[in-house]
Amino acid sequence: MVLDAGTLLRILLWGLVSGSVYMLLATGITLIFGVMKVVNFAHGELMMTGAFVTFILSHAFGLNPYVGVFVSMAAVGVLGIVIERVGFRRLRGTAKINEIFFSIALILILQNALARIFVPRFREYVQIKTPYATEVLDLGLITLRYDFVILLVLAWATLLGLWVVLYRTGLGRDVRGTSQNRTAAMLMGIRVERVDMLTFGIGAALGALAGSLYGIINPFGPYAGTLPAIKAFAVIILGGLGSVRGAVVGGLLYGIVESVATFFLGGSWRDAIAFVLLIVVLLTRPQGLFRGGA
Amino acid sequence: MGARLRRLRRELIVAALMLCLPALLLTLVQEIFVLQVLTFVFIFSIYAQSWNLAAHSGQFSLGHATFLGLGSYASIIAASRLGLAPAVALFVGPILPALAGFAIGALCRRLREAYFGMVTFGCTAIVQVLVVEQFGWLTNRWDGLDAPRLAPEGLPVERVAVLNYVISLALMVATYLVVAAIIRSRIGLAFVAIHDNETVAAAAGVSVVRYRLLAMGVAGYIAGVAGALNGHTLTRHISPGVFGLEDSIWPVLYSIAGGLGTPEGPILGTLLVRVFWEWALRRIGGFDSLILIGLMLALVVTALPRGIYPVFARATAALGARLTPNSVKQP
Amino acid sequence: MPRLRATSLVTAALLITIVAGVGVLPALAQLGTVRLGLLTSMTGPAAATGEDQRRAATLAVDEINATGGVMVREANARLKLELVIGDDQTSREGAVSAVTRLLVADKVALVFGGLGSAFGMAALPQIREHGVPYIPTPSTPLFTRNQDMGPDPTKSMVFHYQATGLMYGAGIVDFLVREIKPLMSADRPLRVAWLYQDSPFGAEYVRGYNDRVKEVGAGIETVALERFKVGETDYRTQLTKIKALTPHVLVPMGFRGETVAAIQQAVLDVGIDPKKTHIGPTCACADDPLYYKDLGRIGQYTTILSLYSTHAIPKGATFAKWASYRKSYQEKFGQLPGLLGVSAYDAVHVAAKAIERAGSVDKRKVIEALGKLEMDQMVLPVHGGKIRFDPKYREVPFVLFVQEMFWDEKVKELRPVIVWPGDLAEAKYKQP
């Protein structure tokens with residue numbers, strides 16, 4: 001086998017791209033956890049809902065997906081707010097396991113509702129078609145689809161935007177405060193219910209973005225979100241529950257590790273690699289790589 | 001002491017009921033389909049019971065399918081490759097998931113809640129790859145293995161269904177009594193102590209690691225029995241698909257819906273959720289029935305955070321009080 | 001207290017069990033119908049080819065019922081067919097519970113259909129237990145080629161109505177050796193790389209391919225056998241590995257959606273040049289209206305090994321029924337049918353014919369009738385024009401052909417041209 005520069009570059013590139021998707025997912029989940037101390041297992045379904053909305057906007061209304069993405073983020077953000085209000089808020093104070101139970105019920109509802117609309121009309125998979133779907137950038141060593149470039153730009157721009165919100169706005173300060181110490185935040189007059197709601201909305205919107213970007217480069221269906229979300233969970237545990245920095249670094253790193261591992265070990269290990277990594281790390285550092293906290 | 005004895009008496013009565021009612025049903029209804037649905041309920045309530053026991057010690061496993069699947073595989077391989085009679089393999093096979101339970105318990109001994117859940121889930125994913133790749137020569141990779149049946153040769157299909165029904169029922173009741181006994185005993189107290197507050201428990205002299213391992217090991221064995229039973233009676237086949245998310249989720253749903261922490265809860269939960277789903281599947285079909293289940297469960301957890309059983313228990317106690325008007329007022 | 005508890009528990013539990021029992025009681029069979037059970041994927045990830053099968057089966061059932069139904073001598077009447085659907089939810093566990101319901105609750109006379117080899121196989125123990133005739137349409141030969149199936153009809157109630165992975169694998173080799181090798185590597189071995197689905201379905205294709213390669217001798221060198229899990233849609237890493245091996249041929253093998261994704265990723269992302277590397281032949285199950293639509297221009301010059309073609313109509317009597325089937329399906333459902341639907345359609349007719357010949361719906365008699373069956377071929381093309389299940393493996397010798405894809409500017413979609421075998425070819429294979 002010729003392990004040349006082109007091949008290596010490609011492997012890293014796929015890792016970077018899928019890592020960016022994981023990064024967005026993980027950040028959304030970890031934000032929600034940091035503020036609400038809730039693990040939302042249905043995040044994969046929010047991801048797919050976002051992908052599907054972007055797809056419909058593009059397929060039925062001809063909207064450029066890169067514009068549709070923002071509409072999708074808003075829509076799923078609102079959905080997230082509703083879910084928090086109607087579900088998780090009620091469960092605050094009851095046993096932790098109830099929240100897990102509720103998110104499992106959410107998986108059943110969202111996944112099958114999506115499938116119900118999706119399957120009869122679109123069968124197994126669809127893919128969001130962009131105007132640049134077949135255009136490539138020739139970089140000498142390799143060729144790169146425009147979509148990949150846009151994906152990376154959008155993902156990182158969003159993260160930058162998130163950083164700005166978290167560190168330069170009042171809301172962001174409230175989020176960080178609630179995440180660090182909820183009681184203290186309440187004492188300081190922060191309306192934690194509002195923070196909960198908005199954080200869940202933001203987390204959901206990030207998931208929608210992840211889903212839409214994923215759906216542009218991969219065929220997807222109603223069930224495609226479960227596995228990436230679970231891997232994202234493994235990532236945030238590695239990165240430290242509640243740590244955005246951990247989610248970003250962890251997500252990216254994991255994408256690359258997954259790509260490299262698949263290359264050398266074969267397709268069968270792709271999905272299990274996340275957990276091998278998780279176990280190895282947790283055996284040595286039970287609290288994860290980074291401390292918690294945004 | 002009196003309380004423990006009262007609990008024992010109640011458990012025995014519940015056990016007797018659990019034996020009699022379905023037996024009664026058996027004489028009334030000869031429809032194979034109904035028997036099979038209930039057999040499934042019996043078997044999976046054993047599985048849910050196993051999860052419930054681990055949860056009792058604070059270990060909320062999200063990868064319980066590991067034990068279910070390993071139990072099936074071990075039992076089926078023992079029966080078909082080593083020539084053990086299925087009835088024997090049924091109890092020998094689960095030793096493997098019991099050992100896996102010890103191993104996973106040891107691996108995760110310092111992990112809590114979400115971390116614990118994720119790692120147990122991860123173990124299921126890893127076990128799946130191992131079963132398909134490294135042990136593919138034994139397990140037939142993705143094709144899976146056919147299971148020899150528990151019922152003896154020559155028995156017609158109707159009789160087989162009845163036999164499976166009775167055996168599963170007996171095992172469900174036996175599991176109930178065993179788990180109830182464990183919960184009632186000092187071991188159960190230790191579990192609760194660890195669940196509540198590990199530091200305090202450790203300070204009180206409870207060996208946290210040992211009890212956690214014990215809980216996972218026993219839970220692994222029981223889940224393994226459920227898996228083996230399922231393989232030899234209902235599905236007659238095992239494949240790596242068992243190590244997926246679905247089978248890890250259901251015992252959580254059944255146990256919590258029924259009522260966490262009580263030995264009756266998982267049984268009630270499995271019965272209600274599963275029967276409801278079967279009904280919905282036939283009347284509504286496919287996606288809609290699953291959406292309905294999701295909605296129902298979401299409603300249950302937001303309206304009844306402690307599960308159905310406490311409500312059930314209170315309602316029946318109230319009913320009982322009404323039925324015997326001249327009883328002495330209860331304290 | 002225990003006594004009160006006991007009374008109340010009895011009442012409540014009794015109520016629940018009764019309600020439960022009644023609630024799940026199955027509907028009584030409609031008097032005077034013959035129930036056929038279609039076991040296929042109606043929900044789940046790789047689903048909705050099930051919908052094609054459901055439609056096609058309904059078409060067949062309606063056709064037969066329009067003539068009054070099936071003549072059943074024993075009942076001294078023409079009985080109408082009733083189609084019952086079992087949804088395997090694209091999972092083995094789902095297949096087991098679906099087939100159990102079909103057999104035990106709906107009490108079907110015969111089970112047929114399916115797309116996923118794995119799911120049909122998972123249902124097999126139940127089928128054997130109940131001794132019901134089974135006409136599966138997924139492609140794994142393991143339905144009938146395993147040691148538990150012998151000449152004894154009570155042990156061999158499975159009649160395989162689909163080209164097996166072995167046939168497909170062999171067809172791939174024959175085409176590559178005949179048409180591709182002379183053009184790309186006349187004096188050296190042909191380097192072939194596989195990217196296939198890690199499942200019984202995929203494994204049997206590769207086995208058929210390997211078996212044939214051994215027979216044919218030197219000439220083909222398999223440089224890669226990369227796998228992907230069912231449901232996985234990102235093959236870039238595996239394709240990168242394949243590209244590094246510089247093969248002459250890339251054979252992407254999987255369901256329709258997977259094949260489309262693999263080809264797109266190979267060409268656009270990994271940079272495999274279709275001019276230097278031949279892509280195909282892809283799997284017959286991909287031959288479906290959406291394949292032509294989704295693949296797009298990238299799919300030019302790729303090949304597909306088909307049993308039924310969505311767009312082509314090969315010449316000859318063997319393909320006589322295609323046009324009319326396509327027309328009826330399109331009139332009734334508004335879209336073009338695919339391979340799995342056709343298989344289900346044919347299977348219904350085969351089942352009806354067998355029941356008629358048996359003169360009864362008794363399982364044993366129908367199985368015997370299927371074993372002896374000889375009837376004119378339906379839509380799927382059969383060597384010799386007659387459907388006959390061979391006595392050893394109870395398979396049918398189907399006619400396979402390879403199509404090459406060309407971009408049709410008028411409809412802005414790919415259209416196929418048959419290039420192999422010689423007697424069916426519309427044109428010679430054209431190198432890009």
Side-chain angles (χ1 to χ4, degrees), chain A residues 33 37-39 41-42 86-91 93-120 222 226-227 230-231 233-234 236-238 241 265-266 268-279 282-283 286-288, chain B residues 55 60 62-63 104 107-130 132-134 136 141-142 244-246 248-250 252-253 255-257 260-261 286-307:
Chain A
F33 183 86
K37 303 292 182 273
V38 153
V39 180
F41 283 109
V86 160
F88 288 107
R89 171 132 6 147
R90 294 266 194 89
L91 297 173
T94 66
K96 221 40 332 195
I97 194 77
N98 284 343
E99 283 155 358
I100 297 181
F101 186 86
F102 179 74
S103 52
I104 294 176
L106 263 182
I107 295 179
L108 282 174
I109 298 173
L110 287 173
Q111 214 178 56
N112 289 289
L114 214 53
R116 195 176 182 286
I117 309 172
F118 186 99
V119 171
T226 319
L227 209 47
I230 292 175
K231 290 180 194 171
F233 277 114
I236 67 175
I237 289 179
L238 276 178
L241 278 173
L265 295 176
S268 332
W269 277 97
R270 166 182 245 125
D271 294 333
I273 274 298
F275 304 104
V276 172
L277 203 63
L278 182 65
I279 292 176
L282 284 181
L283 279 177
Q287 70 273 33
Chain B
F60 294 91
L62 290 176
I104 293 177
L107 187 72
C108 304
R109 65 186 178 284
R110 275 197 259 278
L111 302 176
R112 315 265 159 292
E113 296 176 2
Y115 292 79
F116 184 83
M118 281 313 300
V119 172
T120 50
F121 177 85
C123 288
T124 313
I126 294 176
V127 167
Q128 187 183 58
V129 181
L130 290 174
V132 171
E133 300 291 330
Q134 274 60 27
R141 299 196 81 242
W142 286 105
L245 188 61
E246 300 80 25
S248 285
I249 286 187
W250 287 115
V252 181
L253 293 178
S255 297
I256 297 181
L260 204 55
F287 303 123
D288 289 340
S289 57
L290 286 167
I291 298 177
L292 199 60
I293 298 263
L295 283 169
M296 292 280 318
L297 292 173
L299 251 119
V300 163
V301 78
T302 43
L304 299 170
R306 305 199 53 211

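So that the names make sense, note that chain A is the first sequence line, chain B the second, and so on, each numbered from 1. Remember, predicted model here, so these are calculated numbers, not experimental data. Just the heavy atoms: all of them, side chains too, but no hydrogens, waters or symmetry mates, feed the values below.
- Annotation for Trp269(A) and Leu130(B): closest pair CH2-CD2, 4.1 Å, computed over non-hydrogen atoms.
- Between Phe41(A) and Ile249(B), the closest side-chain pair of non-hydrogen atoms is not below 4.5 Å.
- With respect to chain B, the highest number of heavy-atom pairs below 4.5 Å among Asn112(A), Ile273(A), Ile230(A) belongs to Asn112(A).
- Considering CD1 of Ile291(B) and CG of Leu114(A), their distance stands at 9.5 Å, rounded to 0.5 Å.
- In this structure, chain B has heavy atoms under 4.5 Å from both the backbone and the side chain of Val276(A).
- Contact count versus chain A (heavy atoms, under 4.5 Å) is highest, among Leu107(B), Val252(B), Leu292(B), for Leu107(B).
- Only the side chain of Arg90(A) comes within contact range of chain B, with heavy atoms under 4.5 Å apart.
- By the 6.0 Å contact criterion, CZ on Arg89(A) is enclosed, its count of non-hydrogen atoms from other residues, nucleotides or ligands being greater than 12.
- If you measure heavy-atom distances from Thr226(A) to chain B, the contacts under 4.5 Å come from the side chain alone.
- Taking CG of Leu108(A) as the start and CD1 of Ile293(B) as the end, the distance is 7.5 Å to the nearest 0.5 Å.
- Note: Leu295(B) CG to Ile109(A) CD1 = 4.0 Å, rounded to the nearest 0.5 Å.
- Taking every heavy atom of both residues into account, Thr302(B) and Gly87(A) meet most closely at CG2-O, 4.2 Å.
- Side-chain contact between Ile104(A) and Leu297(B): absent, with no pair of heavy atoms (C-beta onward) separated by less than 4.5 Å.
- The two residues Ala257(B) and Phe101(A) have their closest heavy-atom pair at N-CE1, 3.9 Å.
- Residues Ala298(B) and Ala105(A) come closest through the heavy atom pair N-CB, 3.8 Å.
- Under the side chain to side chain contact (heavy atoms under 4.5 Å, CB included) rule, Met118(B) has a single partner from Leu278(A), Ile236(A), Leu238(A), Ile279(A), which is Leu278(A).
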